[in-house]
Amino acid sequence: NSFFSGEFISKKDMSVGEHDTVIRVLLVNGESRSVRLDPRTEVADIIYYILSRLRSNMEVSPPLFGILLYHISSGEHHWLTPGFSVLDLITSHCGKRPLEEWRFHLRIRVLPKTPQNLFSQDPVAFSYYYDQVLHMYLEDDSISVDNETALRLGCLEMRRFFRDMS
């Protein structure tokens, strides 16, 4: 089962190779994907692997996404740079803090030119972007919206969620 809570998994827990590390990458919908790393695994490899499992358009989406390394208790965060070894980046960014205290998040980092273009080119990435923005909005108490706008947004969300019902 690839749906986990989003933290580091030790080598002994997964019975992986001597030099392998397994991480859980959190998705915006609360699910996660386990990814086995070896010394050559690059950030782009993880992004490609997860997006291919989500059935995203692989010609359009990978450059839009990034992996955000987030420290739970301090809020410290770092974008992991594509083209570099994930293990090297983890070593340089985590410092003395244990890897178990960090979370890996798959996020859209580069905004598309227009949401309409993203929707027409890759509906999966568009849906991911929508969920990411929705999640950020619901988590941020500093954003204030008048009741009428909130009601309209809620109605639009219900229409989207129940679109197949007649």
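Taken from CG in D122 to CD in E59, the straight-line distance is 10.5 Å, to the nearest 0.5 Å. Atoms CG and OG, from L27 and S32 in turn, are 6.5 Å apart once rounded to the nearest 0.5 Å. The structure places CZ of R24 at 13.5 Å from CD of E31, a figure rounded to the nearest 0.5 Å. L134 contributes atom CG, which lies 11.5 Å from atom CG of N29 (distance to the nearest 0.5 angstrom). The distance from the CD1 atom of I90 to the CD1 atom of I67 is 10.0 Å, given to the nearest 0.5 Å. Annotation: the span from T21 atom OG1 to D38 atom CG amounts to 9.5 Å, rounded to 0.5 Å.
Take S92 and apply the side chain to side chain donor-acceptor pair (under 3.5 Å) test, not counting sequence neighbours, and it matches no residue. Residues that satisfy the side-chain contact (heavy atoms from CB on, under 4.5 Å) test with S73, not counting sequence neighbours, are H71. Evaluation of the salt bridge (charged side-chain N to carboxylate O under 4.0 Å, His left out) rule for R55 yields no partner, not counting sequence neighbours. Shown here are the ring-ring contact (aromatic ring centres under 6.0 Å, His included) partners of F84, two or more places apart in sequence or in another chain: there are none. In this view, S85 satisfies the side chain to side chain donor-acceptor pair (under 3.5 Å) rule with no residue, not counting sequence neighbours. Evaluation of the ring-ring contact (aromatic ring centres under 6.0 Å, His included) rule for H93 yields H78 as partners, not counting sequence neighbours. For E42, the side-chain contact (heavy atoms from CB on, under 4.5 Å) partners two or more places apart in sequence, or in a different chain, are D45. Under the side-chain contact (heavy atoms from CB on, under 4.5 Å) criterion, V133 pairs with Y129, not counting sequence neighbours.
A distance-only check finds a donor-acceptor pair linking the side chain of Q132 to the backbone of I108 [under 3.5 Å]. Side-chain atoms of R103 come within 3.5 Å of backbone atoms of E100 as a donor-acceptor pair (strictly under, hydrogens ignored). With hydrogens and angles ignored, the 3.5 Å screen pairs a side-chain donor or acceptor of S120 with a backbone N or O of N117. Judged by distance alone, with hydrogens and angles left aside, the side-chain atoms of S56 form no donor-acceptor pair with the main-chain N or O of S52 at under 3.5 Å. Distance alone, capped at 3.5 Å, places no donor-acceptor pair between the S127 side chain and the P123 backbone.
When each of L106, L54, I23 is tested with R33 by the rule side chain to side chain contact (heavy atoms under 4.5 Å, CB included), just one qualifies, namely L54.
Side-chain atoms of P62 and L51, non-hydrogen and from C-beta on, do get closer than 4.5 Å to each other. Residues R107 and Y128 form a side-chain contact, since some pair of their non-hydrogen atoms from C-beta on lies under 4.5 Å apart. Inter-residue side-chain proximity for L118 and T114 is flagged as unmet; no heavy-atom pair is nearer than 4.5 Å.
Screening residues 66-93 for salt bridge (Lys or Arg N to Asp or Glu O under 4.0 Å) gives E76-R97 as the qualifying pairs, with residues at least two apart or on separate chains.
In terms of heavy-atom proximity, L99 sits nearest to C94 at CD1-SG, 4.0 Å. Contact between S34 and V22 at its shortest, heavy atoms only, is CB-CG1, 4.2 Å. Summarising the geometry of P82 relative to V43, their closest heavy-atom pair is CA-CB, 3.8 Å, with the distance given to 0.1 Å.
Follow the hydrophobic side-chain contacts under 4.5 Å out from I50 and you never reach V60; the two are in separate clusters.
Using a 4.5 Å cut-off between side-chain heavy atoms of Ile, Leu, Val, Met, Phe, Trp and Tyr, I72 forms no hydrophobic cluster with any other residue. Side-chain contacts under 4.5 Å among hydrophobic residues (ILVMFWY), followed directly or transitively, place L68 together with W79.
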### Working for ring pair (Phe, Tyr, Trp, His ring centres under 6.0 Å), residues Y70 and F104
CA-CA 6 Å; Y70 179 80; F104 300 84; over 10 Å; no
